Structure formats: C-alpha cells, structure tokens
Amino acid sequence: MSVRVLVTGGTGLVGQGIKYVIDTEPANSPFGKQDGEEWFFVGSSEADLRNAEQTKKLFEKYKPTHVIHLGALVGGLFINMKRKLDFLRDNMLINDNVLHNAHEFKCKKVISCLSTCVYPDKVEYPLDETKIHLGLPHESNFGYAHAKRLVDIQNRAYKDQYGDNFTSAIPTNVFGPHDNYDLESAHVLPALVHRCYLAKKNNTPFVVWGSGKPLRQFIYSRDLAKLFIWQLRNYDDVEPLILSVGEDEEVSIKEVADAVVKALGFKGEYKFDTSKADGQFRKPASNKKLLGLIKDTGFKFTPFDQALQESVEWFLQNYEKARTGKPQ
Ligand code: NAP
Ligand code: GDP
C-alpha cells in the first residue's frame, strides 16, 4: 500500500526535524522511512494555506494519504502579544483549509499541531490531554490559543460527522536546527542564542527579556520528530497527545540563558530587562500518557545540553541562511 505523507510547515523548525529523521534513520527502522512511503515537505512558497484555492491545488498535486499539519503563523511571546488578530485569523484559515481538503481528498489520517500555550491560564497542574478547554488561555496569546483550540474541536466534529481519523499533538517549547532566530518574533531559546551571539561578537551586554524566573519545558525538534513519526503510524484516536519531556524537567528562563552563555562561551556582562513581559509563569505538562504508549519503542530524549549544543552549532554554521530577521 502506498503511503504519501504531506508535511505542511515542512520548511520550518519541526518540519525540518522530521525531514532530518526520515532522511537519516535507517530505512524500515522504527523512526526511519518505511518501504512504500513517500514524504513531501512543503512551505508557504508552494501554497499559502490561508488561501482555499492554493490549498486545494496543493492536495491535488501531492494526493496525500496522510498529513502532518505543522503549517502555522508561529512565534514567541512578544510577537503573539503584538499581533493577536493575525495569529487568530491566519491560523483559523490555515487549519480550516487543510482539514477541509484532507477530508475532501479522503486522507486516512491527519495529525495537527497544538501547543501547551493553548491551555487555560488558571487550571490545575500538571496539564494533561483532558484540560485544553477548561478555561480562558493566558491573555498574552489568546489569538493563537483560540485558533489552535479550534483544531481539536474540528477534529472531533470531523470524526463525529464523518468518522475521519484526525487527531492532534501538543508539544511544549521546541528548539533545534532551522529555528526562527528573528529577535522580535522568535521563541525564547533561539532569541537568546542569537542575542548572546551578537553580544559576544559586538562586545556588548547580553540582555535577557523579563525576570528570568518563568519556567518552561523544552523539547528538541529531532526528538519531537520521532514522536510525530511514531504517532502517525501508531496512534488512531481523536484525543490529543502531549509530546513532551517530563513535568519534572521544567527549567527557568535564567537556566536557559546560563546554558546559552555556556554553549556560546560568552564571557561578557549579562543582565535582565525586567521592563519586558514574563508571560505565563509556568505551564507544566504531563507526558504520562505518551510514555505509556511508547514504552516499547526504544525512544530516548536527547539530554538538554547536548541538544542545545547541536542547535547552537547549526546556528553558527548556518548564520547567513538562518531566519535571523536580516533581509535574506
Ligand atoms: P516555524 O519554524 O516558524 O515554521 C512554520 C512553518 O509554517 C513554515 O514551514 C512556514 O512556511 C509555514 N507557514 C507559515 N505560514 C504559512 C502559510 N500561510 N501557508 C503555508 N505555510 C505557512 O514553526 P515551527 O516551530 O516549526 O512550528 C510548527 C508547528 O509546531 C506549528 O503548528 C506550531 O504552532 C507548533 N508548535 C511550535 C512550538 C515552538 O516552540 N516552535 C511549540 C509548540 C507548537 P515558510 O517558512 O516556507 O514560509
Ligand atoms: P512562551 O513559552 O509561549 O511564553 O514563549 P517564548 O518561547 O517566547 O518564551 C517566553 C518567556 O521567555 C517569557 O518569560 C519571556 O520573558 C522570556 N524571554 C526572555 N528573553 C526572551 C526573548 O528574547 N524572546 C522571547 N520570545 N522570550 C524571552
């Protein structure tokens, strides 16, 4: 049976993580490419997924049997605070077009990507798969959060009305090669790598935004990639699945900044700009359901320091072509 996997957002951080694993793991190994599979990684230059006609043409071109839907307007806290309507509208349009076409083209399976950012601000911790809709999201990213929550609602409606096999994954903060390093729109880890790199290069202070106290869980894009590949082949349930390190592996923003300083060998002045927002203080997610499901796969998370080192090396080697905010 031929399996044609379309990865939307295939040019981004997570998409390129999946491409790396598919290209480098041995064929027919648990996370490697299987006989009969074809993978297509597409970005916005192939189709603007906000556009219904372009999305339909993309499905006509690739005729996917399976979709990993990552394409989205994505960004860190500060761009989410500035562009709430864009994050709401773009992502609603993208998700509606992709799911509608996946249904029309009778795709056998779709995994869409949510985020632990979409959870209620005030809810009992740890977050688990049952708590997505139990209250309002944090005010700083309500546009993105509401658009992404709707994917879970759509998945359930497609299943209820048509029996479609649509589901979702919920990662925590992701980092790795091919990240977005634009200082204004990046997530915290790539933003700090870029800012520390510039501080070292220009002999200026390394400034971390906010108090450094909030806590986050980080997952390496190449680990997340393996979990997506596993989920695509093995998980047939509309209920979302949290793809995360353990809830005991929260790290503070200061610890992340310390690790970045170490990885880049920065020796200069280092300070916090507390006039900048901290965002949500913490959002610890449980990976209990995931660990129960993957216990026999041999999957192991990459240690944080090793993953950070690999990401920093990628950034240093690819500075000219990386998304740093400079004109390409
Ligand atoms: P990313 O590196 O910014 O990549 C975004 C991808 O979406 C790119 O391939 C981009 O294409 C594509 N895209 C954006 N707008 C599009 C449009 N209008 N039409 C078609 N494609 C479009 O983001 P990422 O971090 O890999 O995110 C992937 C998924 O993970 C997203 O659904 C995101 O919500 C989710 N997620 C990310 C994080 C994180 O920390 N990064 C955490 C939780 C969940 P081009 O680059 O070709 O324009
Ligand atoms: P979040 O997990 O959705 O809140 O997104 P981020 O990855 O943007 O992380 C935000 C946290 O990192 C907040 O506590 C910020 O104050 C802190 N932070 C520190 N410096 C930066 C920075 O340069 N960019 C971003 N995005 N966040 C930063």
Side-chain angles (χ1 to χ4, degrees), residues 13-14 17 74 76-77 80 111-141 144-145 148-149 151-152 167-176 179 187-190 192 210-231 234-235 237-260 278-308 311:
L13 165 66
V14 182
V74 186
L77 169 65
N80 264 282
I111 306 177
S112 299
C113 195
L114 310 186
S115 162
T116 49
C117 298
V118 318
Y119 273 91
D121 183 28
K122 295 188 175 55
V123 71
E124 198 178 316
Y125 292 140
L127 306 175
D128 68 28
E129 287 81 356
T130 67
K131 297 180 181 172
I132 300 175
H133 304 285
L134 297 186
L136 290 174
H138 193 263
E139 182 279 335
S140 59
N141 72 346
Y144 176 80
K148 287 277 185 179
R149 282 181 184 194
V151 173
D152 177 55
T167 189
S168 57
I170 311 181
T172 53
N173 289 49
V174 189
F175 69 100
D179 214 332
H187 287 95
V188 58
L189 196 146
L192 292 184
S211 68
K213 292 185 180 140
L215 302 169
R216 296 288 183 270
Q217 284 157 297
F218 291 90
I219 183 163
Y220 188 34
S221 56
R222 291 173 177 175
D223 290 349
L224 179 60
K226 290 181 178 167
L227 297 175
F228 264 109
I229 293 164
W230 174 86
Q231 190 178 0
N234 299 286
Y235 183 84
D237 191 345
V238 69
E239 296 298 331
L241 183 60
I242 291 175
L243 305 181
S244 172
V245 300
E247 67 196 85
D248 53 342
E249 293 187 52
E250 282 181 294
V251 290
S252 70
I253 300 302
K254 176 169 188 312
E255 286 171 310
V256 176
D258 288 343
V260 167
D278 266 346
Q280 205 161 351
F281 180 64
R282 62 191 289 246
K283 38 190 169 180
S286 164
N287 65 358
K288 199 168 151 202
K289 178 175 170 185
L290 172 72
L291 293 189
L293 290 166
I294 62 168
K295 60 182 187 312
D296 299 324
T297 61
F299 172 83
K300 285 202 169 43
F301 288 102
T302 309
F304 179 77
D305 285 340
Q306 182 189 331
L308 178 63
S311 308

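Worth saying up front: this structure is predicted, and the values here are computed from it rather than measured. For the numbers below, each heavy atom of this structure counts, side chains included, while hydrogens, waters and symmetry mates do not.
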Within the 3.5 Å criterion, strictly below it, is a donor on S211 or D278 matched to an acceptor on the partner's side chain?
yes

Do you know the tightest heavy-atom contact between R216 and F281?
NH1-O, 3.4 Å

Does Q217 use its side chain to pair, donor to acceptor, with the backbone of P171 at less than 3.5 Å?
no

Side-chain donor or acceptor of S244 paired with backbone N/O of N287 under 3.5 Å
no

Under the side-chain contact (heavy atoms from CB on, under 4.5 Å) criterion, do L227 and F301 qualify, and how do the steps go?
CA-CA 10 Å; L227 297 175; F301 288 102; 4.2 Å; yes

What verdict does the side-chain contact (heavy atoms from CB on, under 4.5 Å) test give for V151 and L114, after you've listed the backbone C-alpha separation in whole Å, the side-chain angles of each residue and the deciding distance to 0.1 Å?
CA-CA 8 Å; V151 173; L114 310 186; 3.7 Å; yes

Side-chain heavy-atom pair N234, T297 within 4.5 angstrom cut-off
no

Separation of N173 CG from I219 CD1 (nearest 0.5 Å):
10.5 Å

Do the non-hydrogen side-chain atoms of K295 and L291 ever get within less than 4.5 Å of each other?
no

Please report the interatomic distance CG(L243) to NZ(K226), rounded to the nearest 0.5 Å.
14.0 Å

Working to the nearest 0.5 angstrom, can you tell me the gap between C117 SG and R149 CZ?
11.5 Å

Centre-to-centre under 6.0 Å for F218 and Y220, is that the case here?
no

side-chain contact (heavy atoms from CB on, under 4.5 Å), that's the test. Do E239 and E129 meet it? Break it down for me.
CA-CA 7 Å; E239 296 298 331; E129 287 81 356; 5.6 Å; no

Closest non-hydrogen contact found for A259 with D305 is CB-OD1, 4.4 Å

Centres of the F304 and F175 rings: under 6.0 Å?
yes

Test item: D152 side-chain N/O and I132 main-chain N/O as donor-acceptor pair under 3.5 Å:
no

Is L77 close to V188 at the side-chain level, that is, under 4.5 Å between some pair of heavy atoms?
no

S252 to G212 - nearest heavy-atom pair and separation:
CB-O, 3.7 Å

May I have the step-by-step check of side-chain contact (heavy atoms from CB on, under 4.5 Å) for K289 and D128, ending in yes or no?
CA-CA 8 Å; K289 178 175 170 185; D128 68 28; over 6 Å; no

Could you check whether any side-chain heavy atom of R222 comes within less than 4.5 Å of a side-chain heavy atom of T302, counting everything from C-beta outward?
no

Tell me if the CD atom of E124 is crowded by more than 12 foreign heavy atoms within 6.0 Å.
no

CD1/I229 to CG/L224 distance, rounded to the nearest 0.5 angstrom?
9.5 Å

Do the side chains of W230 and L241 get nearer than 4.5 Å, heavy atoms only?
yes

Between CG of L127 and CZ of R282, what distance do you get to the nearest 0.5 Å?
9.0 Å

How long is the straight-line distance from CG of L136 back to CG of D121, given to the nearest 0.5 Å?
9.0 Å

Is the backbone of V118 close enough, under 3.5 Å, to the side chain of S115 for a donor and an acceptor to pair up by distance?
no

Using a 3.5 Å distance criterion without hydrogens, assess whether the side chain of K148 forms a donor-acceptor pair with backbone atoms of C113.
yes

Over all atoms of both residues, closest heavy-atom pair of P240 and I170:
CB-CD1, 3.6 Å

Could you tell me whether the side chain of K131 and the main chain of P126 form a donor-acceptor pair under 3.5 Å?
yes

Check: T167 and D237 side chains under 4.5 Å, non-hydrogen atoms:
no

Which atom names give the shortest non-hydrogen contact between T116 and K283, and what distance separates them?
O-CD, 4.0 Å

Given 3.5 Å as the limit, does a donor-acceptor pair link the side chain of H187 with the main chain of L189, or not?
no

Smallest separation among heavy atoms of P190 and D179, with atom names:
CG-OD2, 3.3 Å

Y235 side chain to I111 main-chain N or O, any donor-acceptor pair under 3.5 Å?
no

